[in-house]
Number of protein chains: 2
Amino acid sequence: MGRCRGNAWWQGRFRGCGYRVTAGREIILDALTKTDKHLSAEDIYLSVKKSCPGIGLATVYRTLEILVEMGLVLKFDFGDGRARYELAEGPNKEANHHHHLICAGCKRVIDYTDFIEDEVELLRKTEKGLSEKYNFDIKSHVIQFYGLCEKCKTK
Amino acid sequence: MGRCRGNAWWQGRFRGCGYRVTAGREIILDALTKTDKHLSAEDIYLSVKKSCPGIGLATVYRTLEILVEMGLVLKFDFGDGRARYELAEGPNKEANHHHHLICAGCKRVIDYTDFIEDEVELLRKTEKGLSEKYNFDIKSHVIQFYGLCEKCKTK
DNA sequence: CCTCTATTGATAATGGTTCTCATTATCAAT
DNA sequence: ATTGATAATGAGAACCATTATCAATAGAGG
Ligand SMILES: [Mn+2]
Ligand SMILES: [Mn+2]
Ligand SMILES: [Zn+2]
Ligand SMILES: [Zn+2]
């Protein structure tokens with residue numbers, strides 16, 4: 001057996017999907033785990049480059065693609081022309097599901113979970129109704145509110 | 001007074017915003033009015049080119065930008081790498097608001113309004129709560145369900 | 001170690017969108 | 001109807017996030 005790279009929670013899942021565990025993939029997932037921001041591919045690239053200077057931007061994109069496909073990471077479009085990524089689940093983020101408030105002024109993105117309970121209730125009803133009516137198998141949803149944040153609404 | 005170009009419902013609003021009424025803008029808005037599809041800029045360009053061969057793609061983009069800014073047209077990202085546009089309101093589409101089901105298999109987009117009543121109720125509550133808690137002025141929302149349509153779920 | 005091959009980094013290519021600029025069209029004032 | 005100020009346009013270049021290419025490298029089972 002080759003040198004062991006550790007036993008982080010995600011590695012089993014990773015190997016189970018037939019993917020190899022590499023230094024690049026480890027550090028990219030680390031970067032996403034260590035922040036609550038909504039990082040772009042380039043954000044991640046620059047962040048990861050500090051402790052892994054040789055990494056290429058293409059590897060970041062390729063890894064993110066895999067992570068999204070596996071459901072470990074969520075990919076969003078907040079309207080600024082680049083994709084944003086966020087850890088979907090993890091060691092400390094088991095029940096991380098939330099929705100977004102997006103400021104049209106400063107482009108800030110606010111995570112909120114405050115009203116999730118009621119929403120989840122309605123979503124369950126809506127998804128059930130839609131599934132039956134359109135015979136559509138719902139896998140995920142995107143709920144985003146656009147407007148002006150505290151600072152931008154006064155200008 | 002120059003040749004009158006008609007008195008379509010939108011022209012007053014257009015001039016009121018300081019924009020000139022042009023043949024290109026008229027025909028682009030026509031194209032959006034005459035369909036219930038979710039057209040890309042290039043879709044519109046090709047469609048409009050048939051009755052206005054000289055039009056340029058840049059004009060389509062510029063016009064769409066204005067229409068979105070004015071709130072006459074909605075811009076969506078369904079994850080296929082290009083923006084999609086849809087008439088927000090119009091002569092026959094006063095209460096056109098709806099949400100989307102997006103098939104990850106065939107990329108088909110289904111408009112639905114069936115369960116809007118309950119959703120509208122929850123949205124009102126949620127928006128009120130969020131506005132107060134985050135002092136955020138909500139202007140619009142995007143609600144999309146992703147999954148597999150009738151045809152794609154069996155494969 | 002050894003082999004097989006998935007992964008990687010550098011870089012070119014792609015493709016949707018935006019920008020530039022000389023020309024044209026709109027429209028309020030004549 | 002004509003004019004003049006300037007907004008709008010078309011052609012094409014530029015931009016830039018994302019993908020594809022490919023030779024070199026590294027993961028993992030034996
Ligand atoms: Mn978030
Ligand atoms: Mn629609
Ligand atoms: Zn703001
Ligand atoms: Zn489908």
Side-chain angles (χ1 to χ4, degrees), chain A residues 1-8 10-12 14-29 38-46 48-49 51-70 73 75-85 107, chain B residues 1-8 11-12 14-29 38-46 48-49 52-70 73 75-85 107:
Chain A
M1 169 173 79
R3 192 103 31 254
C4 183
R5 196 180 286 284
N7 282 298
W10 54 273
Q11 299 193 355
F14 226 85
R15 288 205 180 84
C17 290
Y19 294 116
R20 293 181 182 172
V21 173
T22 70
R25 290 171 179 180
E26 185 163 18
I27 198 172
I28 288 170
L29 198 42
H38 305 88
L39 302 175
S40 68
E42 194 180 5
D43 290 337
I44 295 168
Y45 172 63
L46 293 175
V48 156
K49 223 172 163 43
S51 58
C52 187
I55 201 165
L57 180 56
T59 295
V60 174
Y61 275 106
R62 283 183 294 231
T63 300
L64 287 170
E65 187 181 11
I66 290 173
L67 292 172
V68 169
E69 178 220 292
M70 289 177 63
V73 166
K75 181 180 184 178
F76 289 101
D77 168 59
F78 295 138
D80 66 341
R82 64 191 61 194
R84 300 276 168 179
Y85 299 87
K107 311 300 178 192
Chain B
M1 172 173 76
R3 190 105 30 255
C4 184
R5 197 181 285 285
N7 282 297
Q11 298 194 355
F14 225 85
R15 288 205 180 85
C17 290
Y19 294 116
R20 295 179 180 175
V21 173
T22 69
R25 291 173 178 177
E26 184 164 19
I27 198 174
I28 288 170
L29 199 42
H38 304 88
L39 302 175
S40 68
E42 195 179 6
D43 290 338
I44 295 169
Y45 172 62
L46 293 175
V48 156
K49 223 172 164 41
C52 187
I55 201 165
L57 180 56
T59 294
V60 174
Y61 275 105
R62 284 183 292 232
T63 300
L64 287 171
E65 188 180 10
I66 290 174
L67 292 172
V68 168
E69 177 220 292
M70 289 176 63
V73 166
K75 181 179 183 178
F76 289 102
D77 168 59
F78 295 138
D80 66 340
R82 64 190 60 191
R84 299 277 169 179
Y85 300 86
K107 311 299 178 192

From [atom1] of [X] over to [atom2] of [N], roughly how many Å is that when rounded to an integer?
X	N	atom1	atom2	value
B:Asp77	C:dT17	CG	P	10 Å
B:Lys49	D:dT9	NZ	P	15 Å
A:Ile55	D:dT25	CD1	P	17 Å
B:Glu26	C:dT26	CD	C1'	13 Å
A:Leu57	D:dA20	CG	P	14 Å
B:Arg15	C:dT26	CZ	C1'	9 Å
A:Gln11	D:dA28	CD	C1'	13 Å
A:Tyr19	C:dT5	OH	C1'	15 Å

Provide the closest heavy-atom pair for [X] versus [Y] in the form atom of the first, atom of the second, distance.
X	Y	result
B:Val60	B:Ile28	CA-CD1, 3.8 Å
B:Gly24	B:Ile55	CA-CD1, 4.1 Å
B:Leu57	B:Tyr45	N-CE1, 3.4 Å

Residue among B:Glu69, B:Arg25, B:Gln11 satisfying side-chain hydrogen bond (donor to acceptor under 3.5 Å, both in side chains) with B:Tyr19: B:Glu69
Given C:dG9, C:dC27, D:dG10, identify the nucleotide with an atom nearest to the side chain of B:Thr59. D:dG10
Among C:dG9, D:dA28, C:dA25, the nucleotide that comes nearest once only the side chain of B:Arg20 is considered: C:dA25
5'-most contact on DNA chain D: B:Phe14 or B:Ala58, nearest heavy atom basis? B:Phe14
Contacts to DNA chain C from residues 60-68 of chain A, heavy-atom cutoff under 4.0 Å, which residues? A:Arg62
Check the pair A:Tyr85, A:Val68 against side-chain contact (heavy atoms from CB on, under 4.5 Å), reporting the backbone distance first and the verdict last. CA-CA 9 Å; A:Tyr85 299 87; A:Val68 169; 4.0 Å; yes
How about NZ on B:Lys49, more than 12 heavy atoms from neighbouring residues, nucleotides or ligands closer than 6.0 Å, or not? yes
Say you draw a straight line from CZ of A:Arg20 to CZ of A:Arg15; how long is it, rounded to the nearest 0.5 Å? 11.0 Å
Which distance, rounded to the nearest 0.5 Å, do you find between the CG of A:Leu64 and the OG of A:Ser40? 9.5 Å
Could you say whether B:Arg84 or A:Tyr45 is positioned toward the 5' end of DNA chain C, judged by the nucleotide with the nearest heavy atom to each? A:Tyr45
Trace of the side-chain contact (heavy atoms from CB on, under 4.5 Å) decision for A:Leu67 with A:Trp10: CA-CA 10 Å; A:Leu67 292 172; A:Trp10 54 273; over 6 Å; no
Phosphate oxygens OP1/OP2 of [N]: is one of them under 4.0 Å from a side-chain N or O of [X]?
X	N	value
B:Arg25	D:dT9	yes
A:Thr22	C:dT8	yes
A:Arg82	D:dT18	no

With sequence neighbours excluded, what pairs up with B:Phe78 under the side chain to side chain contact (heavy atoms under 4.5 Å, CB included) test? B:His38, B:Phe76, B:Arg84, B:His100, B:Ile102, B:Val109, B:Gln144
Axis-to-axis angle for the helix from C:dC1-D:dG30 to C:dT30-D:dA1, ends of five pairs each, to 10°, equals 40°
